**Student:** 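Let me give you the structure first, and then I'll get to my questions.
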There are 2 protein chains.
Amino acid sequence: MMMEAATTGVPEVPRKPGRPRGFDRDIALHAALLVFWKHGFDGTSYADLTAATGMSKPTLYATFGDKVNLFREAVVAYSALTSQAYENALSRPTAREAVEACLRLARGLNPEPGEPIVCFLVQGALTGSADTQELRSELTALRQQATEQLRARLKRAQREGDLPKTVDAAVLAEYFASLATGLSVQAAGGATPAHLNQIVEMVMAQWPSER
Amino acid sequence: MMMEAATTGVPEVPRKPGRPRGFDRDIALHAALLVFWKHGFDGTSYADLTAATGMSKPTLYATFGDKVNLFREAVVAYSALTSQAYENALSRPTAREAVEACLRLARGLNPEPGEPIVCFLVQGALTGSADTQELRSELTALRQQATEQLRARLKRAQREGDLPKTVDAAVLAEYFASLATGLSVQAAGGATPAHLNQIVEMVMAQWPSER
DNA sequence: CACGAGTTTTACCGATCGGTAGGAAAATGC
DNA sequence: GCATTTTCCTACCGATCGGTAAAACTCGTG
């Protein structure tokens with residue numbers, strides 16, 4: 001672990017010869033992530049990336065490889081950020097609590113200044129040039145994975161008697177995944193956190209019960 | 001109205017001097033709409049547009065103006081296509097029927113080959129270069145308008161005793177708009193029409209009633 | 001102070017971008 | 001057959017794109 005020196009950010013570990021690196025790789029990657037998330041792959045130029053990261057084009061290239069590779073690393077970083085919270089939500093004691101916690105992860109409910117509202121795996125995947133089709137389908141695959149995790153959680157709840165066996169877990173998982181996404185998109189379109197929180201409460205009030 | 005000649009598509013109206021136009025404006029605009037809808041503004045190049053419309057760059061420019069203007073006309077054409085169906089859905093006799101009809105307009109429930117699944121006003125608006133921010137917010141405004149129309153329909157149902165007055169029409173409208181969008185995005189991510197239709201039935205089974 | 005190592009910067013690259021001027025083509029009218 | 005009109009095409013434009021080679025810079029070491 002590094003400790004910052006007073007004025008130059010030079011790490012205190014013994015220094016190898018050579019010019020010291022002038023950036024933090026993780027901070028730069030996070031800055032690039034925010035740009036790709038907001039603007040998409042095609043809507044992001046190297047001018048945007050250099051402005052956001054403080055790194056020149058050759059330095060970005062030397063550190064992260066080409067633009068596609070940088071985008072892929074940004075997606076991995078995004079998944080690392082969000083999957084911990086998502087798995088925490090899924091691990092709540094009951095299915096109902098797990099689902100509500102997942103819905104409440106939607107950024108429209110608690111907007112974070114400076115960050116886009118709609119999930120990067122959604123808005124980064126929906127449109128793009130023909131060249132980026134394969135890249136964008138990688139994002140879609142990660143979303144499908146998240147829906148599958150939710151489905152598996154609901155199946156476990158059924159085995160544990162925490163959710164009626166009459167419920168189709170796959171359909172319910174698709175329903176809640178749809179809703180989570182839709183709430184974010186509506187938030188991006190101006191829906192208020194108050195309204196979105198009321199929707200979550202309304203939906204949770206209708207939790208499937210035995211009958 | 002034009003009748004096609006046998007081999008050249010020449011209209012039968014009296015002809016002015018000059019080279020006959022070699023395209024149909026509405027057909028070309030529809031082709032451009034499909035490209036912008038699938039790829040977004042930044043992901044679409046003039047190479048894509050000329051391939052899709054069969055028109056060269058100078059001809060596109062002479063007919064539709066610059067790329068931004070063509071995109072705007074594509075959005076207008078899209079709205080013309082979809083708003084009739086949407087208003088038909090909203091004009092069903094009961095609020096419940098109206099809402100169900102709106103949800104069933106989501107393309108994921110009945111996919112159309114060759115067309116994107118997610119609403120153009122959603123996926124065309126979510127990401128893009130900084131230059132296109134204003135353009136994309138025009139799409140968002142049209143979506144907000146659609147949600148407002150749904151809210152107004154629900155308010156009317158309350159006045160007519162067709163929906164309990166205890167229900168918050170704005171929240172319910174946001175809920176169904178969220179769900180419609182989310183269903184399309186899940187469909188674009190691989191969710192089956194069967195699952196999505198089951199979600200609509202499940203949701204409609206929980207229609208708010210007096211209590 | 002010179003050298004070596006690692007990093008950054010400058011200048012440049014070919015390709016593609018959106019857009020346009022002027023010539024060519026295709027029609028009608030005399 | 002030629003002039004006029006309207007439309008289309010070719011070739012070109014400046015700007016920006018993603019990417020790179022080589023020089024310059026910044027450090028530590030002897």
Side-chain angles (χ1 to χ4, degrees), chain A residues 2 5-25 27-29 31-32 35-36 39-74 128-132 135, chain B residues 2 5 7-25 27-28 31-32 35-36 39-74 128-132 135:
Chain A
M2 291 179 172
T7 55
T8 63
V10 177
E12 226 167 271
V13 296
R15 277 277 325 190
K16 291 184 287 168
R19 181 169 170 164
R21 191 172 286 140
F23 62 89
D24 180 275
R25 195 183 195 282
I27 292 173
L29 182 55
V35 177
F36 279 129
H39 297 291
F41 184 88
D42 296 309
T44 296
S45 66
Y46 265 90
D48 300 318
L49 292 168
T50 60
T53 60
M55 291 163 75
S56 65
K57 288 194 290 176
T59 308
L60 280 165
Y61 203 82
T63 307
F64 298 107
D66 66 5
K67 190 183 178 190
V68 166
N69 199 74
L70 176 53
F71 186 88
R72 282 196 165 110
E73 286 208 45
S129 61
D131 293 345
T132 62
L135 186 61
Chain B
M2 292 177 172
T7 56
T8 63
V10 176
E12 226 167 88
V13 297
R15 282 275 326 188
K16 291 184 288 166
R19 183 167 171 164
R21 189 172 288 142
F23 62 91
D24 180 276
R25 196 185 194 281
I27 292 174
V35 175
F36 279 129
H39 297 292
F41 183 87
D42 297 308
T44 296
S45 66
Y46 265 91
D48 300 318
L49 292 168
T50 59
T53 60
M55 292 163 74
S56 66
K57 288 193 292 177
T59 307
L60 280 166
Y61 203 83
T63 306
F64 297 107
D66 65 7
K67 190 182 177 189
V68 166
N69 200 72
L70 176 53
F71 186 88
R72 282 193 165 113
E73 286 208 46
S129 63
D131 294 345
T132 62
L135 185 61

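Sequence lines set the chain letters: A, B, ... in the order given, protein chains first and strands last, and positions in each chain run from 1. Model, not experiment: these values are computed from the prediction.
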**Student:** Can you check the Phe64(B) CZ to dG19(C) P distance for me, whole Å?
**Tutor:**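 One finds 14 Å between P of dG19(C) and CZ of Phe64(B), rounded.
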**Student:** What is the separation between atom NZ on Lys57(A) and atom C1' on dA21(D), rounded to the nearest whole Å?
**Tutor:**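 Taking NZ of Lys57(A) and C1' of dA21(D), I get 13 Å after rounding.
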**Student:** Using a cut-off of strictly less than 4.0 Å, decide whether Ser56(B) has a side-chain nitrogen or oxygen near OP1 or OP2 of dC8(D).
**Tutor:**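 The answer is no; no side-chain N or O of Ser56(B) sits under 4.0 Å from OP1 or OP2.
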**Student:** Closer to the 5' end of DNA chain D via nearest nucleotide, is it Ser45(A) or Met55(B)?
**Tutor:**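 The 5'-side residue here is Met55(B).
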**Student:** Hey, does the side-chain of Lys67(A) have a donor or acceptor N/O within less than 3.5 Å of a partner on the base of dG18(D)?
**Tutor:**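 Donor-acceptor pair under 3.5 Å: no.
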**Student:** Given that Asp42(B) and Gly18(B) both sit by DNA chain C, which one's nearest nucleotide is further toward the 5' end?
**Tutor:**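 Nearer the 5' end of the strand: Asp42(B).
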**Student:** May I ask you to evaluate whether Arg21(B) reaches the phosphate of dT7(D), defined as a side-chain N or O under 4.0 Å from OP1 or OP2?
**Tutor:**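 The answer is yes; a side-chain N or O of Arg21(B) sits under 4.0 Å from OP1 or OP2.
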**Student:** Whole Å only: how far is the CG atom of Asp24(B) from the P atom of dT7(D)?
**Tutor:**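 After rounding, the gap between these two atoms is 14 Å.
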**Student:** Looking only at side-chain atoms of Arg19(A), point me to the closest of dT26(D), dG19(D), dG18(D).
**Tutor:**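 Of the options given, the side chain of Arg19(A) lies nearest dT26(D).
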**Student:** Taking the side chain as everything from C-beta on, heavy atoms only, tell me whether Phe23(B) gets closer than 4.5 Å to Thr53(B).
**Tutor:**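 In short, these two side chains do not touch, never coming nearer than 4.5 Å.
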**Student:** Indicate the atoms forming the closest heavy-atom contact of His39(B) with Thr44(B), along with that distance.
**Tutor:**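 Between these two residues, the closest heavy atoms are CB-OG1, 3.4 Å.
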**Student:** According to the interplanar angle, ranging from 0 to 90°, do the rings of Phe36(B) and Phe41(B) count as parallel (below 30°), tilted (30 to 60°) or perpendicular (above 60°)?
**Tutor:**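 Answer is parallel, since the angle falls under 30°.
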**Student:** Rounded to whole Å, please give me the gap between CZ in Phe23(B) and P in dA26(C).
**Tutor:**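 Rounded to the whole Å, the gap is 17 Å.
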**Student:** So do Arg72(B) and Lys67(B) actually touch side chain to side chain, heavy atoms under 4.5 Å?
**Tutor:**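 No, too far: nothing below the 4.5 Å cut-off.
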**Student:** Before giving the answer on side-chain contact (heavy atoms from CB on, under 4.5 Å), spell out for Leu70(A) and Leu29(A) the whole-Å C-alpha distance, their side-chain angles and the decisive distance to 0.1 Å.
**Tutor:** CA-CA 8 Å; Leu70(A) 176 53; Leu29(A) 182 55; 3.9 Å; yes
**Student:** Classify Thr63(B) by what it touches in the nucleic acid, base, sugar-phosphate, or nothing, heavy-atom distance under 4.0 Å.
**Tutor:**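 No contact.
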**Student:** When you check the phosphate oxygens OP1 and OP2 of dG18(C), does a side-chain N or O of Tyr61(B) lie under 4.0 Å from one of them?
**Tutor:**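 Looking at the OP1 and OP2 atoms of dG18(C), neither is under 4.0 Å from any side-chain N or O of Tyr61(B).
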**Student:** Within the pair Tyr46(B) and dC17(C), is there a side-chain N or O less than 4.0 Å away from OP1 or OP2?
**Tutor:**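 Tyr46(B) to dC17(C) OP1/OP2: no side-chain N or O under 4.0 Å.
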**Student:** Whole Å only: how far is the CG atom of Leu49(B) from the P atom of dT16(C)?
**Tutor:**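 Result: 17 Å.
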**Student:** Give the nucleotide from the list dG18(C), dA27(C), dA5(C) with an atom nearest to the side chain of Pro17(A).
**Tutor:**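 Given the options dG18(C), dA27(C), dA5(C), the side chain of Pro17(A) is closest to dA5(C).
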**Student:** Please give, in whole Å, the distance from dC17(D) P to Asp66(A) CG?
**Tutor:**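 Value for this atom pair: 17 Å.
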**Student:** Look at the side-chain N and O atoms of Thr59(B) and state whether any lies under 4.0 Å from the OP1 or OP2 oxygen of dT7(D).
**Tutor:**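 So the side chain of Thr59(B) is outside the cut-off, no N or O lying under 4.0 Å from OP1 or OP2 of dT7(D).
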**Student:** From CG of Asn69(A) over to C1' of dG18(D), roughly how many Å is that when rounded to an integer?
**Tutor:**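 Between C1' of dG18(D) and CG of Asn69(A): 14 Å.
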**Student:** So if I take every side-chain heavy atom of Pro58(B) and compare against dG18(C), dC9(D), dC25(D), which nucleotide ends up nearest?
**Tutor:**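 My answer, after comparing the listed nucleotides, is dC9(D).
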